[in-house]
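Input: a single structure, listed below in C-alpha cells.
First the proteins, then the strands, lettered A, B, ... as listed; each starts at 1.
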There are 4 protein chains.
Amino acid sequence: MKKGNGQLRLEKQAVIFEAALKVFRQKGFHKARIADIAAQAGISYGLVYHYYNNKEGLFNAILHLWWEDLYRLMEKTRQGGENLYQRLRNIILYFLDTYQDNPDLIHIFINEISRSSINLKPRLDYFKKFMVITEGIMADGQKAGFLRRDIEAHYLTYIFLGAMETFISVMVYGDQKIRNDQQKERIANSLLEVFLHGAQNSGQEGAKLQS
Amino acid sequence: MKKGNGQLRLEKQAVIFEAALKVFRQKGFHKARIADIAAQAGISYGLVYHYYNNKEGLFNAILHLWWEDLYRLMEKTRQGGENLYQRLRNIILYFLDTYQDNPDLIHIFINEISRSSINLKPRLDYFKKFMVITEGIMADGQKAGFLRRDIEAHYLTYIFLGAMETFISVMVYGDQKIRNDQQKERIANSLLEVFLHGAQNSGQEGAKLQS
Amino acid sequence: MKKGNGQLRLEKQAVIFEAALKVFRQKGFHKARIADIAAQAGISYGLVYHYYNNKEGLFNAILHLWWEDLYRLMEKTRQGGENLYQRLRNIILYFLDTYQDNPDLIHIFINEISRSSINLKPRLDYFKKFMVITEGIMADGQKAGFLRRDIEAHYLTYIFLGAMETFISVMVYGDQKIRNDQQKERIANSLLEVFLHGAQNSGQEGAKLQS
Amino acid sequence: MKKGNGQLRLEKQAVIFEAALKVFRQKGFHKARIADIAAQAGISYGLVYHYYNNKEGLFNAILHLWWEDLYRLMEKTRQGGENLYQRLRNIILYFLDTYQDNPDLIHIFINEISRSSINLKPRLDYFKKFMVITEGIMADGQKAGFLRRDIEAHYLTYIFLGAMETFISVMVYGDQKIRNDQQKERIANSLLEVFLHGAQNSGQEGAKLQS
DNA sequence: TATGAATGAGGGTTCATTCAT
DNA sequence: CATGAATGAACCCTCATTCAT
C-alpha cells in the first residue's frame, strides 16, 4: 500500500515535471508562471509546492535530469571500451535522440541551461563537468594517436561541442523535425567528418587556400 | 546651438547606453532594473525614458549595435576581395577584438543575445541574417573549390560558428583575459586549423580511427 | 473497550498537546505550523484535525489549561484559610513551579498569552478574571488591615502581578534555570518583601529621599 | 529646492509612519497588511515601499522611535543630577505622557514590542539596554543609601518596571483615558509609593502579617 | 483512526512605467 | 531636460483546512 501511494506520488510528480518542461520551453524560466505549469498539469498551483520546493527547485529537477542522463551516457561509453569515433558519435546521438524523444528538454537545454543567466553558478558547474569529461575523451584520442597533438585538448573540446550545440540550436529554432534515423546519421556524420577531417577541400584547389 | 544640444543628447544617450551594457551584463536582462542602469549612469531613472522608449528599447539598441557592426564587417570583408581564409579569420577576430575592447558587449551577446528567450523573434532574425551571410561565404568557398562540397554549406556554417561561439563562451565564463595579439592569433589559428583540416591526426594511427 | 478507546484518544490528544506546547513556544502562534506540530507529535498533520477543531482550538486548549489550573490554585488557596502572605506566595510559587515543570507553558504564557494580539477578547477575559481574583485578595488584605488602604486595591494588584510577571519574563528570556527550592524561596521572598515593605532603605538616608 | 523636496519626502514618510502606527495598533504586526497601512495613509501600497524597505523595516522604524526616545530621556534624567525619586518618576511619566500623546505607540509597545515573538533578538536587545540603564539607577540608589541593599539591584529593576508596565497595560486594554495631570500624578505616586514604602499597612495589624 | 493529496485565499514584494513639477 | 513620487499589475509562496481513501 505504501508502495502504491509512493508510486502515485511519483506519477503526479512526473505529470508536473512534464508540464514544467512544456511551459519552461514555451515561455522560458523567467516568464513561466507556476500557475501556468499547474494549469498545464491540470492541478491547482498550490499542489506544485507539494511536490517541489519552489520554481527554481522544479527547474533544477529538469536540469538534473538532463545532466545526470548525459553523465551516465558518457560514463557508459567510457566503460564500453569504444573507440574515439564511437564515443563522439554517442554524444552527438544522445543530443539527437533527446531532440527526437524529448524536444522540450533539448529546447530548454539550448535556451535556458546552456546559456542565459538564471542560476549561473550551479549551471556552469554542470557544464564544466561535461566539458571536462569530453576533454578527457579528446586527451585519450591524442594519447592514442588518433587526434593531432598540436591543438590543445580543450580547444578541440570547445570546437566539437560548440559545433554540435549550434547544430542542435539551429534545428530547435528552425523547428526542424528529424524524420528518420538516416537523417540522424547524416548529421552525425557531417559533424564528425568535418571535425575529424576538416572542411577544406583536399584537392588541389583547397591546398592553395592559405597561400 | 541646436547641433550642440543634439550632441549633448547623444552624449547622454551614450552614457546611458554604456551603463546599460554594464548592468545588463552583470544581471542579465530580466534582473537588470532601470533603476540600476540609471544609478550606473549617474542620472535619475526617469531620465532613461527620455532617451529610450523602455527597457526593451534600450536592450534593442545594444542588440542593434552588435549586429549592425557585425554586418558591416561582413560586408566590408566581402567587398575587400579577401579569400576564404581571410574572411573567416576576420569574423573570428571581430569577436576576439570585441572581447577585448567591449567585454560587456560580448558577454551580453553570449548570455542574452545568442540564446535565451527574450524577444525571441527579432533576435532570431538578426541571427539568421548572420548565418545567411556566413553561409554565403561557405558557398563561395565551395564554389571556388576551397571547401569540400559533400557537406552542405549551412552545415559548415553551423560547425564554424558553433565552434567559435563556444570558444568565446568559455573565455567569457572563465573570465579569461586576452593578453596580447599573439594569443588572439593562436586562438584564431587553432579554430581555423581544425575547421579546415580537421582534428584527426593525419599520420598512420589516425587513419585507423573509423575502421 | 469503549473506555479503552477513549483513553487512547485522550493519550493521542495529549501527545498532540505536548507537541503543540513545544512548537508554539519555539515559533510563536503565528509562525507555528500545524505541520510542525504534527511532525513533533510524530503523526500526520491531517490527524491533528481529528482531535482539535483547528489551530486556534489547539491554542485555546493550552490557554485553557493554563488558566483553569491557575484559577483552581487561587480557589484552593482562598478556601484554605491561608493568610495574605501565604496566598500571594502561592501565586508566585505557582508561576515558579510551572516555570520548572513546564517551561514551554510558561514561555507561551509570557509570549503569547500574557500579551500579543492573537484572539484578543477571550484572552483578555481570562486575564481579567485572574486580576479580579487577585484584586479580591488585595481587598481582603485591606479589609483585614494587612494592606494599606490609601492605595486602591486594583493598583496594588497591578503592581504585584506586573512585578511578578516581569520577574518570570526575565527568567524566560534569559533562559535562566531554577536550580533548587532555595532559589525559588529567594525570588518569592524578594518579591514579597519589596511589595510589602518597599524598596526604600528604612535607615536615615532613605528618609531624605523625597525631600 | 532640494531641501523642500526632502521635506516633502519626510512629511510623506511621516504620514505613512502615522498610518502604520494606527494599523499596527489595531491589528498587530502579523495581521496588519501593507495594503491597510497604505489605505490608511491614503496612498497606493507600492508607495510604502518607496519609503520603507518592507513591512519589518516600517515596524523597526516605530520600534526605533520608541526606544531612542526612551533612551534619550533616561540619559537626560541621568545628566540632570536629579535624585532617585525624580528619576523613577520621570520614567513613569514618560510612559504616561506617551500614553496620552501617542496612544498607538504605547499600545504597540505593550502588545508588539514588550512581548510577542516578532523579531525576537533585536527586540530583546533594546529591552535589555533599557533594563541595564534602569538597573544603574537602582544601583546608584543603593550606593547613595536610598534603596535597601539586601535585595539585588536587578530584582528591584524587575519589580519596578514590571509594576509600571502592567499599570500601563491595564490602562491600554481597558481603554482608559487619562483625563488630567492630576490623574497622572496619582498613578505615578501610587506606583512609587508602593515601590518605595511597600504595600503593607504600617499600623499594628500589618505587622502581624507574616507571623 | 489515519494519511497526505489537493485546494486556494491571502499577502508580501518587485519594478516598469507614467507624469506632475 | 531632469527628478523621483506615485501607481498597480504581476507573481511567488505559505499554509490552514478539507476530504477521498
Side-chain angles (χ1 to χ4, degrees), chain A residues 1-2 4-6 8-9 11-13 16 30-38 41-58, chain B residues 5 8-9 12-13 30-39 41-58, chain C residues 5 8-9 12-13 30-38 42-58, chain D residues 1-2 4-6 8-9 11-13 16 30-38 41-58:
Chain A
M1 192 145 132
K2 273 227 171 153
N5 283 346
L8 270 182
R9 182 181 174 84
E11 275 168 32
K12 186 60 68 85
Q13 210 164 12
I16 296 172
H30 278 109
K31 295 223 169 160
R33 287 167 301 176
I34 292 292
D36 295 329
I37 294 169
I43 57 170
S44 73
Y45 61 85
L47 197 53
V48 174
Y49 292 93
H50 213 73
Y51 292 97
Y52 295 93
N53 279 332
N54 50 34
K55 192 178 171 181
E56 198 170 310
L58 184 45
Chain B
N5 281 347
L8 270 183
R9 179 179 178 87
K12 187 65 68 87
Q13 210 165 13
H30 277 108
K31 295 219 168 164
R33 288 168 300 182
I34 292 292
D36 294 327
I37 293 168
I43 58 169
S44 73
Y45 55 83
L47 197 54
V48 173
Y49 289 89
H50 270 270
Y51 292 97
Y52 294 95
N53 279 331
N54 50 33
K55 191 178 171 182
E56 198 169 308
L58 184 45
Chain C
N5 281 347
L8 270 182
R9 178 179 180 85
K12 187 63 69 86
Q13 209 164 15
H30 277 107
K31 296 220 167 164
R33 287 169 299 180
I34 292 291
D36 295 327
I37 294 167
I43 58 169
S44 73
Y45 55 83
L47 197 52
V48 174
Y49 290 88
H50 270 270
Y51 292 97
Y52 294 95
N53 280 330
N54 50 32
K55 191 178 171 182
E56 199 170 308
L58 183 46
Chain D
M1 194 145 130
K2 274 228 170 151
N5 283 345
L8 270 182
R9 181 180 175 85
E11 274 168 33
K12 185 60 68 85
Q13 209 164 11
I16 296 172
H30 277 108
K31 296 225 167 158
R33 287 167 300 177
I34 292 291
D36 295 328
I37 294 168
I43 57 170
S44 74
Y45 61 84
L47 197 54
V48 174
Y49 290 91
H50 212 74
Y51 292 96
Y52 295 93
N53 280 332
N54 51 33
K55 192 177 171 182
E56 197 169 310
L58 184 45

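Take A:Asn54 and apply the side-chain contact (heavy atoms from CB on, under 4.5 Å) test, not counting sequence neighbours, and it matches A:Tyr49, A:Glu56. Among residues two or more places apart in sequence or in another chain, the side-chain contact (heavy atoms from CB on, under 4.5 Å) test is passed with D:Tyr51 by D:Arg9, D:Lys12, D:Gln13, D:Ile16, D:Leu47.
Within the nucleic acid shown, C:Tyr51 comes within 4.0 Å of sugar-phosphate atoms alone, with no base atom in reach, counting heavy atoms only. Residue A:Ala38 is out of contact with every strand shown, counting any heavy-atom pair closer than 4.0 Å.
Among the nucleotides F:dT7, F:dT3, E:dT3, the one closest to any side-chain atom of D:Ser44 is F:dT7. Checking E:dT1, E:dA6, F:dT7 against every side-chain atom of C:Leu47, the shortest atom distance belongs to E:dT1. Closest to the side chain of D:Arg33, out of E:dG12, F:dG4, F:dA5, is E:dG12.
Taking all atoms of both residues into account, the shortest heavy-atom contact from D:Ala38 to D:Tyr45 is CB-CA, 3.4 Å. When all heavy atoms of D:His30 and D:Lys55 are compared, the pair lying nearest together is O-NZ, 3.5 Å.
Nearest-nucleotide positions on DNA chain E place C:Ile43 closer to the 5' end than the other of C:Ile43 and A:Lys12. Take the nearest nucleotide of DNA chain F for B:Val48 and for D:Gly42: the residue whose nucleotide is more 5' is B:Val48.
Summarising the geometry, the separation between CD1 on D:Ile16 and C1' on F:dA5 is reported as 10 Å, rounded to the nearest angstrom. Taking atom CG of residue C:Leu58 and atom P of nucleotide F:dC15, one finds them 16 Å apart after rounding to whole Å. In this structure, A:His30 atom NE2 and E:dA16 atom P are separated by 12 Å, rounded to whole Å. One atom, CD1 of B:Ile37, and another, C1' of E:dA16, lie 11 Å apart when rounded to the nearest Å. As a whole-Å value, the separation of D:Leu8 CG from F:dG4 P is 13 Å.
OP1 or OP2 of E:dA5 lies within a sub-4.0 Å distance of a side-chain N or O belonging to A:Arg9.
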Output a table of nitrogen or oxygen pairs between the protein and nucleotides 17-21 of chain F separated by less than 3.5 Å.
| from | atom 1 | to | atom 2 | distance (Å) |
| --- | --- | --- | --- | --- |
| F:dT17 | OP2 | C:Tyr49 | OH | 3.3 |
| F:dT17 | OP2 | C:Lys55 | N | 3.1 |

If a pair means Watson-Crick or G-U wobble with both distances below 3.5 Å, what does DNA chain E look like in dot-bracket form, with | marking bases paired to a different strand? .||||||||||||||||||||
